2 protein chains.
Amino acid sequence: MTAKAKSDRYHHGDLRTALIATAVELIEDGGVRTFSLAEASRRLGVTVSAPYAHFADREELLAAVAVHALELFHADLQAELKGLAEPPDRLAAVARAYVRFAGIHRHLFELLSEAGLDKVRHPEIKAAERPIDDAFLSCVRALSGAEDPAAAELATAVEATAHGHALLLLDGHFGRSRKATARAAGGAARATLALVEGRRLLSERVSGATGLVKRRRR
Amino acid sequence: MTAKAKSDRYHHGDLRTALIATAVELIEDGGVRTFSLAEASRRLGVTVSAPYAHFADREELLAAVAVHALELFHADLQAELKGLAEPPDRLAAVARAYVRFAGIHRHLFELLSEAGLDKVRHPEIKAAERPIDDAFLSCVRALSGAEDPAAAELATAVEATAHGHALLLLDGHFGRSRKATARAAGGAARATLALVEGRRLLSERVSGATGLVKRRRR
DNA sequence: GTCTATACCCGGATAGAC
DNA sequence: GTCTATCCGGGTATAGAC
């Protein structure tokens, strides 16, 4: 690969990278379902067999795109957390970032959540998820103290809340306007706060239930 | 269609109905993605063109299956609500039923939430959703009083919670054992209760915030 | 209402030349 | 590393006979 402009054949400095970029584009407006290696090849002006020199198959390319998407999300998440100190606020920010990402990169989000990529076959994906999981879990732990047995359930509930709002957003539940993403993200953040508060209240009721707390019931 | 056992050709009392039933089966174990009219036809021993006498295209059959799934879910929901009087409990039961349905009829659930069926083209789907929406909304209204402006957001949050838990369940987040569905459903129900409590608390803080309530902050 | 036959389109993937 | 050529499979859908 030393000679560059070579004959009339198509040439790339780096077809592998170009394929990933094109796949991101193609998926960002069209979704994973309709994405095909053939189409990507056409776009880049190479034949359908060329990609096989860089990826074993379609799924391997998709995995690379998934990694890219996760890195994107991680960056967004860090930005959203920046400057927030209070654990509940940080948790709410995670939910907000999650929903925003889904709204802004719909199809990349779908790739991550619906494509059913085999994470065993593609450990890169797991690796790219790691820092995100860590950020999330550190927020949960900061909130409830590491010893809290209910921490895991809270983490799950927050995750479900964010995920649920994201899907409702993509479903048009918040409308189709530009504001929809903001509405959904705000809703998820508030729901997260409510969850945190409600959980604390319910656990108080169970453990050291005082008359005062009990009186709130119904 | 008066003569029944006629010649050696394949015959059905009602191919239309049989197609729906077969599609349900095929989708219940294999998912929508891989479902094809061709396969369904083979199963029933008719040729690939036969279905077109009853359905305009593949999607029309899928719509019929979706209606079936919604009816199933509605029945489950009613059963789950039976005997519960307290609004929070009823709301939690809705979430529980939702997650259970997702766990037990994975692929039918996927059809409903991911297949992207065009509800404008298929008003039957909207019609089948109606009674479910009504049941859900009546629970929300019973809880917050019809005038509460936050009712809509609560409804959304509960929906998101149920949906989120359902998806996490299908993702293996609660394990793959037979107990996974129960765990997820329980989690969704508890999260719903926490949501209801937390929301009440947060709104008190805003509206008639007393020193006592305020003190709970942080 | 169902069949036969067929046309059409798409995608994935491989062998072998350059 | 890319191309040419080619095979495979799959599905959707239609026309026309019975």
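Being a predicted model, the structure only gives us computed values, none of them experimental. Throughout, a chain's letter reflects where its sequence line sits, starting with A, and its residues are numbered from 1.
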Could you go through nucleotides 4-6 of chain C and list every protein N or O atom that sits under 3.5 Å from one of its N or O atoms, giving the distance for each pair?
{"from": "C/dT4", "atom 1": "O4", "to": "B/Ser49", "atom 2": "OG", "distance (Å)": "3.1"}

Give every donor-acceptor pair under 3.5 Å between a side-chain atom in residues 121-128 of chain B and any protein atom, sequence neighbours left out.
{"from": "B/Arg121", "atom 1": "NH1", "to": "B/Asp57", "atom 2": "OD2", "distance (Å)": "3.4"}
{"from": "B/Arg121", "atom 1": "NH2", "to": "B/Asp57", "atom 2": "OD1", "distance (Å)": "3.1"}
{"from": "B/Arg121", "atom 1": "NH2", "to": "B/Asp57", "atom 2": "OD2", "distance (Å)": "3.0"}
{"from": "B/His122", "atom 1": "NE2", "to": "B/Glu59", "atom 2": "OE2", "distance (Å)": "3.1"}

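- Within the structure, side-chain hydrogen bond (donor to acceptor under 3.5 Å, both in side chains) pairs that include any residue of residues 67-76 of chain B comprise B/His74-B/Gln78 (at least two apart or interchain).
- The salt bridge (charged side-chain N to carboxylate O under 4.0 Å, His left out) contacts involving residues 42-54 of chain A comprise A/Glu25-A/Arg43, A/Glu39-A/Arg42, where partners must be two or more places apart or lie in separate chains.
- Between A/Arg42 and C/dC10 there is no side-chain polar atom (N or O) within less than 4.0 angstrom of OP1 or OP2.
- In this structure, A/Arg16 reaches neither bases nor backbone, as no heavy-atom distance under 4.0 Å exists between it and the strands shown.
- Listed by chain and number, the residues in a side-chain contact (heavy atoms from CB on, under 4.5 Å) with B/Ser113 are B/Phe109, B/His163 (sequence neighbours excluded).
- Taking B/Lys119 as the reference, B/Glu129 meet the side chain to side chain donor-acceptor pair (under 3.5 Å) condition, with sequence neighbours excluded.
- Applying the salt bridge (charged side-chain N to carboxylate O under 4.0 Å, His left out) rule to pairs touching residues 168-178 of chain B yields nothing, sequence neighbours excluded.
- Applying the salt bridge (charged side-chain N to carboxylate O under 4.0 Å, His left out) rule to pairs touching residues 94-106 of chain B yields B/Glu80-B/Arg96, B/Glu80-B/Arg100, sequence neighbours excluded.
- A heavy atom closer than 4.0 Å to some atom of DNA chain D occurs in B/Tyr52, B/Asp57, B/Arg58, these being the qualifying members of residues 51-64 of chain B.
- Proximity of B/Leu77 to B/Phe136: side-chain heavy atoms (C-beta onward) are nowhere separated by under 4.5 Å.
- The salt bridge (charged side-chain N to carboxylate O under 4.0 Å, His left out) analysis of residues 151-164 of chain B, with sequence neighbours excluded, yields the pairs A/Arg190-B/Glu153, B/Glu153-B/Arg199.
- Less than 4.0 Å separates DNA chain D from no heavy atom of any residue of residues 22-39 of chain A.
- Taking the side-chain contact (heavy atoms from CB on, under 4.5 Å) definition, one finds that B/Ser177 meets it with B/Lys179, B/Arg183, sequence neighbours left out.
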